[in-house]
Student: 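The following block contains the structure, expressed as structure tokens.
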Amino acid sequence: MNNFISFSDIDNLKLLVKEAIELKKNPLKYKKLGKDKTLCLLFFNQSLRTRLSTQKAAQNLGMHVIVMNFGSEGWELEFEDGAIMNQNKSEHIKEAARVIAQYCDIVAIRAFASLTNKEKDQAELVMNGFKKYAGIPVINMESALRHPLQALADAITLQEFKTKHKPKVVLSWAAHPKALPHAVANSFVEMMQLQDADFVITHPKGYELDPEITKHSTIEYQQEKALKNADFVYVKNWSSFKDYGKVTNTDANWTITSHKMNLTNHAKFMHCLPVRRNVIVMDEVIDSENSLVINQANNRTFAAQIVLKKILEDEKK
Ligand code: CP
């Protein structure tokens, strides 16, 4: 693996998940693999899980870690080729990416969607800029369009908790007061398209994700119908893609309640966190024994660790 920006960088998801579960049994087994190697984590946005789990994953492999809150501490970056930089942007991605690559062997980046400029978000300026100019492996810690480390952790969690070969997995939208990005939902859909599962997406009309991403998935607009006999319920809010970045629906009837969970096949409940309790999901569901949210958060370490391990091993070849 040279980079991990999306699921297209993975050769075989099933095998990668199997190896991650093996790694989880003995996380320090490859403690020498990352000796004298440095991982740089650049955050253009806030994080709890991604920051700590990726740092822990690197430490489990014996790597050094440098963390920078680029969004608040770095110079504002210019991405446009040939830009006349006489406004507020102080440094071009061409220098910034190359400079950062002088200090580390792998760079991991978090840079959310603006949700104001669809074209720029779709272009993945930050992730692609680093990929183009850094000349070292790049890991996506959530970009404008994707959150593959979260989806890989979710794949590990699904594998650990599924009790049948082809479970029914439902991705449900729920209302949220703020406009949220599409990245978690997009990567979850891309990951599920690689799984042997009965996968259904449910959301109100007008909340369709990018049709390029969902084109091979089933969409059911009636949430209760979608939830019937589900083995896993993954809830997530996202803002409108069509009416880009807008909150056009605040219907609290989409909240996951115990009544809705009773329609399922005693389903496991999943969410990437952070979650707004009693807005996205009721306390009784997230606090129930069927809630996997802490298992998902724990698996973030092993998702990051298997990705770092693959990159380090391929660098040695
Ligand atoms: N799920 C997730 O990526 O959490 P953080 O935003 O806290 O890193």
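Worth knowing before you read on, the calculation uses all heavy atoms, side chains too, and leaves out hydrogens, waters and symmetry mates. Atoms within each ligand, like the ligands themselves, are counted from 1 in listed order.
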Student: Would you call Asp231 and Lys268 a salt bridge, using N to O less than 4.0 angstrom?
Tutor: no

Student: Would you check whether Arg300 reaches within less than 4.0 Å of ligand 1, judged by its heavy atoms?
Tutor: yes

Student: Looking at Lys228 and Glu224, is there a salt bridge between them, counting it only when a charged N and a carboxylate O are closer than 4.0 Å?
Tutor: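 Not counted as a salt bridge, because no side-chain N and carboxylate O are separated by less than 4.0 Å.
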
Student: Using heavy-atom distances, let me know which of Arg49, Glu142, His147, His271 sits nearest atom 3 (O) of ligand 1.
Tutor: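 Checking each option, the heavy atom nearest atom 3 (O) of ligand 1 is found in His147.
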
Student: Which atoms of ligand 1 have any heavy atom of Ser47 under 4.0 Å away?
Tutor: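 So the answer, numbered in order with elements, is 5 (P), 7 (O), 8 (O).
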
Student: Got a sec, which residues hit ring pair (Phe, Tyr, Trp, His ring centres under 6.0 Å) with Phe70, two or more places apart in sequence or on another chain?
Tutor: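 Checked Phe70 against ring pair (Phe, Tyr, Trp, His ring centres under 6.0 Å); matches are Phe44.
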
Student: Looking at Tyr207, I'd like to know if the NZ or CZ of Lys242 sits under 6.0 Å from its six-membered ring centre while staying within 45 degrees of the ring's axis.
Tutor: no

Student: Students should be able to answer this: which protein heavy-atom is nearest to atom 6 (O) of ligand 1, and at what distance?
Tutor: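 Here the nearest protein heavy atom works out to Arg110 NH1, 2.8 Å.
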
Student: Between Glu78 and Lys94, is the closest basic N to carboxylate O distance under 4.0 Å?
Tutor: no

Student: Any idea which protein heavy atom is nearest atom 7 (O) of ligand 1, and the distance to it?
Tutor: Leu48 N, 2.7 Å

Student: Specify side chain, backbone, both or neither for Leu273, according to which of its non-hydrogen atoms lie closer than 4.0 Å to ligand 1.
Tutor: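 The part of Leu273 near ligand 1 is the backbone, not the side chain.
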
Student: Please answer whether the main-chain N or O of His147 pairs with a side-chain N or O of Ser187 as donor and acceptor at a distance below 3.5 Å.
Tutor: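 Yes; at least one donor-acceptor contact below 3.5 Å.
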
Student: What about Gln46: any of its N or O atoms under 3.5 Å from an N or O on ligand 1?
Tutor: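 Between Gln46 and ligand 1 (N or O atoms, distance only) the closest approach is not under 3.5 Å.
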
